[in-house]
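Just so it is clear, the values below take in all heavy atoms, side chains as well, and ignore hydrogens, waters and symmetry mates. A, B, ... follow the sequence lines: proteins, then strands. Residue 1 opens every chain.
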Number of protein chains: 2
Amino acid sequence: MTIEPLLKYISNYVTLTPEEESYLTSKVAYRKYLKGQYVLQQGDICKHHCFVISGCTKMFHLDDHGQEHIVLFSIEDWWTSDMGSFISQTPADYNIQCIDKTELIMFSVDVIEDLYAKIPKLERLFRQIIERAFVASQKRIVRSFSLSSKDRYLYFKNQYPKIEQIIPQYMVASYLGITKEFLSKIKAQLNAEE
Amino acid sequence: MTIEPLLKYISNYVTLTPEEESYLTSKVAYRKYLKGQYVLQQGDICKHHCFVISGCTKMFHLDDHGQEHIVLFSIEDWWTSDMGSFISQTPADYNIQCIDKTELIMFSVDVIEDLYAKIPKLERLFRQIIERAFVASQKRIVRSFSLSSKDRYLYFKNQYPKIEQIIPQYMVASYLGITKEFLSKIKAQLNAEE
DNA sequence: AATAAATATTAACATAGATTAACAATTTTA
DNA sequence: TAAAATTGTTAATCTATGTTAATATTTATT
């Protein structure tokens with residue numbers, strides 16, 4: 001069954017009864033996207049919080065100069081949504097686009113609220129997931145101020161080796177907040193070092 | 001009563017019964033700090049999640065070169081803690097220091113878990129608070145990549161006018177990720193503009 | 001009020017990283 | 001397999017911001 005990876009993911013943190021599992025399964029939506037398709041566009045309302053079954057998405061903001069700033073990559077077992085837009089149902093700041101053929105499990109606002117009410121364990125789990133995402137986000141801010149571009153690249157490489165394999169290099173540059181040309185230079189320099 | 005501002009803050013979001021309010025009150029700790037005192041030091045375990053009643057704190061990371069990177073200012077009605085350290089009881093990445101005489105309401109790990117269990121409304125509220133903090137943190141990452149230092153300063157000034165009044169300028173610079181000298185230059189330039 | 005401590009400014013010079021533009025390599029499509 | 005499209009590299013030049021150091025201003029202490 002396609003939803004299996006989500007149930008397995010959840011079971012790492014909390015134990016659901018068979019009834020709870022089938023209730024959850026009955027409520028969420030499964031959807032396949034092709035490479036290049038948008039799950040969300042900046043300005044639209046984010047209707048779903050999504051769990052990635054397979055594939056890869058990027059979430060990015062398009063600034064006034066038409067520049068893309070990648071905020072988040074999501075691969076299997078991770079989540080994606082414009083949380084700000086989702087929780088207040090206001091226009092999104094971010095685009096979410098599939099970098100590969102991607103399978104998602106989608107939680108609508110109503111469904112997620114219903115699940116919180118019916119299965120409090122899930123509210124607890126989602127709180128903990130957000131807490132960890134928040135911690136990671138704050139750490140990224142500190143790294144962006146305290147590390148050089150080279151060190152941020154090395155950190156990324158080390159932290160997300162899987163992601164580096166599957167995305168083009170210019171997206172890594174965007175995630176790191178540098179130009180693709182400068183990342184090229186950094187890599188050349190790293191190669192020269194040994 | 002010193003805890004009143006916390007109850008008032010909570011009442012903006014959820015309605016507690018008088019029993020719940022007094023249970024909450026019986027569980028949390030109130031503490032006064034003097035200017036300069038540390039609530040938490042990098043490397044220690046963060047024992048409390050704190051609500052600011054009055055005063056101001058800064059949370060910052062000290063990097064390998066001894067440089068201070070300010071992650072967060074907290075004034076009245078806001079929260080402070082090293083969330084990563086608090087939730088997993090591991091050594092803190094951040095220092096929390098009082099910039100002024102500061103009054104805090106402190107939630108220990110045990111207390112907060114007990115409150116979540118006894119008053120699920122509070123778990124919901126805390127989830128929502130974290131969600132908003134996470135959204136704000138992600139937006140700050142995007143600003144740090146898409147805006148110039150000048151524009152980040154203008155954003156800060158506009159967003160946190162109260163904080164700018166009470167802290168020295170070199171801390172604003174640290175929060176923005178620039179040197180105090182460069183912030184001076186930016187301000188001189190802004191003054192020259194009109 | 002006088003001194004000391006903390007904070008802010010200014011200017012000369014240095015550098016990480018951006019920009020531009022041309023080209024090279026790889027991947028996709030015909 | 002060839003052409004087109006996408007991705008990556010290199011090098012010259014430019015710019016935002018950092019560094020250093022001297023000085024000025026404000027605030028706290030005696």
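Rounded to an integer number of Å, the gap from Lys180(B) NZ to dT23(D) C1' is 13 Å. The nearest whole Å value for the distance from the NZ atom in Lys35(A) to the P atom in dT6(D) is 10 Å. For the pair Lys185(B) NZ and dT10(C) C1', the interatomic distance rounds to 9 Å; values are reported in whole Å. Remark: C1' of dA18(C) and CG of Leu183(A) are 14 Å apart, rounded to the nearest angstrom. A straight line from NZ of Lys187(A) to P of dT10(D) spans 11 Å, rounded to a whole angstrom. Look at CD1 on Ile178(B): it is 19 Å from P on dA16(C), rounded to the nearest Å. Counting to the nearest Å, the P atom of dT9(D) and the CD1 atom of Ile186(A) are 12 Å from each other. Whole-Å rounding puts the His65(B) NE2 to dT19(D) C1' distance at 14 Å.
Checking dT9(C), dT19(C), dG8(D) against the side-chain heavy atoms of Ser184(A) singles out dG8(D) as nearest. Looking at the side chain of Ala188(A), the nearest of the listed nucleotides dA18(C), dT17(D), dT10(D) is dT10(D). Closest to the Glu181(B) side chain, of the nucleotides dA16(C), dA21(D), dG18(D), is dA21(D).
Ring centroids of Trp79(A) and Phe107(A) are separated by less than 6.0 Å, placing the two rings close together.
Residue Thr179(B) places none of its side-chain N or O atoms closer than 4.0 Å to OP1 or OP2 of dT17(D).
Near DNA chain D, defined here as any heavy-atom distance below 4.0 Å, the residues from residues 143-171 of chain A are Pro168(A), Gln169(A), Tyr170(A), listed numerically.
Once rounded to the nearest 0.5 Å, the distance linking NE2 of His69(B) with OG of Ser144(A) reads 9.5 Å.
Checked for salt-bridge contact, Glu131(A) and Arg127(B) miss the test: no charged N lies under 4.0 Å from a carboxylate O. Contact check on Lys118(B) versus Glu123(B) returns no salt bridge, with no Lys/Arg side-chain nitrogen under 4.0 Å from an Asp/Glu carboxylate oxygen.
When Val39(A), Leu40(A), Val71(A) are each tested for a side-chain contact (heavy atoms from CB on, under 4.5 Å) with Asp82(A), only one passes: Leu40(A).
With hydrogens and angles left out, the side-chain atoms of Asn95(A) and Gln42(A) include a donor and acceptor closer than 3.5 Å. For the residue pair Gln138(B) / Ser137(A), no side-chain donor-acceptor distance below 3.5 Å is found, with atom types taken as modelled.
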